[in-house]
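The next block holds one structure in the form of structure tokens; read it before the comments.
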Amino acid sequence: MLLVPFLAWAACGHGVGQRMPVEIRITASAASIALGLTASLTAVARYADGSLENATNLVAWTSSDPGVLTVARFGNEAVIESHSVGAATVVASWLRGGVAGSLRLQVVGPVLASLAITPSSPAIALGTSQDFVATGTLTDLSVLDLTSSVVWASTTPAVASIDPSGRCSGLAVGVTTITASMGGVVDTTTLTVTPAVLTSIAVTPTLPSIALGTKQVFTATGFFSDTTVQDLTTSVAWTSSSPAIATIDAGGLAPSLSVAATTATPTHARSRTLRATSRTLSPAVLVSLAIGPDAPTIALGTKQQFTATGTFSDSTTQDLTSSVSWLSASTAVATVASSGLASSVAIGTSMITARHDATGVFDTTLLTVSSAALVSIDVTPALPSIALGTKQQFTAIGTYSDTTTQDLTASVTWSSSVTAVATVSNAGGSVGLATSLSTGTTTITATHAATSIADTASLMVTAAVLVSLTVAPDLPWLLEGKTLQFTAIGTYSDTTTQDLTTSVTWQSSNGAAATISMAGGSEGLATGVANGTTTITATHAGTSIFDTTTLTIVSGITLRGASSASEGSGVTAITLSTPGNSVSGDVLVAAIAVRPSTATITAPVGWTLLRRVDNGSGAANSLAVYRRTVTVSEPGTHAWTLSTSTGSAGGMLSFFGVDTSSPVDPEAGQATASSLSHAAPSLTTSTPNTMLVAAFAFSSSATWSEPSGMTEAVDVASLTPPSATGISMCLDYQALPSSGATGTRTAVASNDSDTGNTVILALRRMP
């Protein structure tokens, strides 16, 4: 049984002496139901003490759309009954009120429920065939002829074989089982092949003429169902319709008694098959032959039966088809059998001749063999089922009179009987491609315009299915002891999306770094445990579709990234880039150093000045430090304008884990005397796990060595290589696990002692 997550929660008070649940959970035996089928529902009540109870018979069941589905209760079981394709919400309400649970269910189109083969248990003679029909019954009790769609099989092919159309041919005496199968649904029947039976008798000659007083020998040939022939002359009973004219003995010898006509009829005693022939006792002779039909045209791969009719001197006519000799002038185009049956071999023409050998009388006609003609189209697949939002490629294969086949997909005209369910393309590059638009069933038809020959397939469109999951946020950071809510958004085959956060299974690959909740009401909530990384995975149980992201856990404030810039003399603006991996909620710290100390520094909108220090001694300069909290739509760059400048340098740091409501603990700054060593004053922090940030600047283009214990993030000068002109600055940082005095921090410049400024501050950790 599929467990469907809680979709509704409610709480209520307790009545006097009455135990009330705080949650109702609904489970269903299937996430979707085929039209015509049923599924079971169970309601589970959870009480305040954590105990569970089967509450199926303690709730009232309702459906938001009874036209789609209804719920009937039988004891401790509730049954969903489907009525039409669509979706509806089932609600289980506590009979005493106050608590309810709901579940969204989908009713999809009907599916094949059973197959039935007809006829049942037939018997055929050896050499004959039997056409079987496969009828499918769908779950909504509708019926389809699936004869050409099922897979046919014979358990004993040596006794009888069966082709894809359901035609079974008897090959040997015996019994075989015939099977029709489709999508796991099967039906069988038994076929018995009996010995061959006599199907006809041919008497030769057919219309003989003898002189009075002479005799005529007749022959009776039997044709059997297995295509064998047998001389039955001595096995049949011979009779004459006019014994006064001629009699006939058991061997088929008939003496003439008078000038007239009579009929000799042989009868096969076992099968009662009769064949009669007439005998004319006259001196009439053959005077002409006529072949029919005259000058026919047939398609390559087909046959033509010719007849030869003789006209006699007494104006009588006889069918001499089997008495004449047949000849084809061009056997490369067509051949002709002694029976007058012509078979096409290649495109072209051939003269067909019928000759009466005894008299030399003959006739001719011209047979034309044209190109092969289309006789049928087969559309595949025959009974596909696709999810809403997906597509199905159909193929049309044409079979021609010469038994060849050809892909006609791009040559036929495609149509859909219910375009609201699916359309099918006739456009180049996508011919035969069906696009689903809504749930239901439609008939796809391929029609050959020149011949109107067509075939169809039934396309079933079911409810949309999940195709992908996206876990957010992507590549997040988390402080130890803090929580972060992850979400899982599902994208379906119809391009719609759904929040599946409470429906998926959440996992953390490294529980020592972070855990993630599956508890009701907090699904997807991750808790940082210790420094490290873990892979967070959301998996959809019904489809096994999943997505992952990497979560990084840190113990305190952490540097995300840094950027820097510098400008030469006369440039009155300096632009710093936002560190590329910064996210909303991070805190930015920027430092701007400029010469001279009298320059006005104007910060971009949204920045807060923490401290500016001006040093008017020596080569006068200023240092200003700012802060800002990163927003969702954070600009990629930030520009400071300067009223005047003989050189400027700047840097920006991005930090994760800072208390954005009160980011700075203490901060301080001071001007420094002319020297290579420049010290920032000591701070006294009031909270543990702070991040110490120090900015150093002086009037020389130099490089810096960071203070002991600190890490340098920015080292930038307005001129390169180092020189006694311009300005340089650096930004350093250090994580402080404990509160208290930090001590002074001294950075050392590489060359050219001069005056400068320092600013130092401590960032508070997120509470």
Side-chain angles (χ1 to χ4, degrees), residues 198-210 216-225 227-233 241 252 261-266 273-282 284-370 372-373 375 401-402:
L198 181 66
T199 57
S200 65
I201 295 175
V203 176
T204 56
T206 54
L207 293 170
S209 177
I210 62 173
Q216 173 69 54
V217 176
F218 288 96
T219 299
T221 301
F223 295 87
F224 290 79
S225 59
T227 72
T228 59
V229 296
Q230 186 177 344
D231 187 345
L232 301 180
T233 304
S241 63
T262 186
T263 300
T265 304
T273 299
L274 307 178
R275 177 64 184 266
T277 187
S278 297
R279 183 180 63 167
T280 303
L281 305 177
S282 69
V285 295
L286 180 67
V287 294
S288 67
L289 275 176
I291 295 178
D294 185 39
T297 298
I298 63 174
L300 181 62
T302 61
K303 298 183 178 184
Q304 175 64 58
Q305 178 64 57
F306 287 102
T307 61
T309 302
T311 301
F312 289 81
S313 56
D314 60 355
S315 300
T316 62
T317 59
Q318 291 185 28
D319 183 349
L320 301 181
T321 303
S322 60
S323 303
V324 298
S325 297
W326 292 94
L327 176 68
S328 170
S330 178
T331 55
V333 173
T335 60
V336 62
S338 60
S339 63
L341 182 63
S343 300
S344 58
V345 177
I347 297 172
T349 59
S350 180
M351 191 66 71
I352 303 299
T353 300
R355 179 183 178 86
H356 189 261
D357 293 334
T359 63
V361 176
F362 70 92
D363 189 25
T364 63
T365 192
L366 185 67
L367 172 65
T368 300
V369 179
S370 63
V375 295
S401 54
D402 60 354

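One-based numbering along the sequence shown. As the structure is a computational prediction, the values presented were derived from the model and not from experiment.
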For a quick test of your reading: what N or O donor-acceptor pairs under 3.5 Å do the side chains of residues 294-304 make, sequence neighbours left out?
| from | atom 1 | to | atom 2 | distance (Å) |
| --- | --- | --- | --- | --- |
| Asp294 | OD1 | Thr365 | OG1 | 3.0 |
| Thr302 | OG1 | Ala299 | N | 3.3 |
| Thr302 | OG1 | Ala299 | O | 2.5 |

Among all residues two or more places apart in sequence or in another chain, which pass the side chain to side chain donor-acceptor pair (under 3.5 Å) test with [X]?
X	answer
Thr228	Asp226
Thr359	His356
Asp402	Thr404

Return a table of donor-acceptor pairs under 3.5 angstrom between the side chains of residues 329-340 and protein atoms on other chains or two or more places apart.
none

Qualifying residues under side chain to side chain contact (heavy atoms under 4.5 Å, CB included), relative to Phe312, sequence neighbours excluded
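Side chain to side chain contact (heavy atoms under 4.5 Å, CB included) check on Phe312 returns Ala284, Leu286, Asp314, Thr316, Gln318.
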
Any residue meeting side chain to side chain contact (heavy atoms under 4.5 Å, CB included) with Thr317, in chain and number order, not counting sequence neighbours
Thr309, Thr311

Nearest heavy-atom neighbours spanning Leu289 and Phe362
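Nearest heavy atoms, Leu289 then Phe362: CD1-CA, 3.9 Å.
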
If I compare all heavy atoms of Ala342 with all of Phe306, which pair ends up nearest, and what's the gap?
CB-CE1, 3.7 Å

Point-to-point distance, once rounded to the nearest 0.5 Å, from OG1 of Thr221 to CD1 of Ile201:
9.5 Å

Can you run down the side-chain hydrogen bond (donor to acceptor under 3.5 Å, both in side chains) pairs that involve residues 341-350, sequence neighbours left out, and say none if there aren't any?
Ser328-Ser350

CA sep, side-chain torsions, deciding dist, call: Asp363, Val324, side chain to side chain contact (heavy atoms under 4.5 Å, CB included):
CA-CA 10 Å; Asp363 189 25; Val324 298; over 6 Å; no

Flag side-chain contact, heavy atom, 4.5 Å: Gln305 against Thr321
yes

Under 3.5 Å donor-acceptor, Thr364 side chain and Ile352 backbone:
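Looks like no, no N/O pair under 3.5 Å.
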
I'd like to know if the side chain of Trp326 and the backbone of Leu341 have a donor-acceptor N/O pair within less than 3.5 Å.
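No, Trp326 side chain to Leu341 backbone: no donor-acceptor pair under 3.5 Å.
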
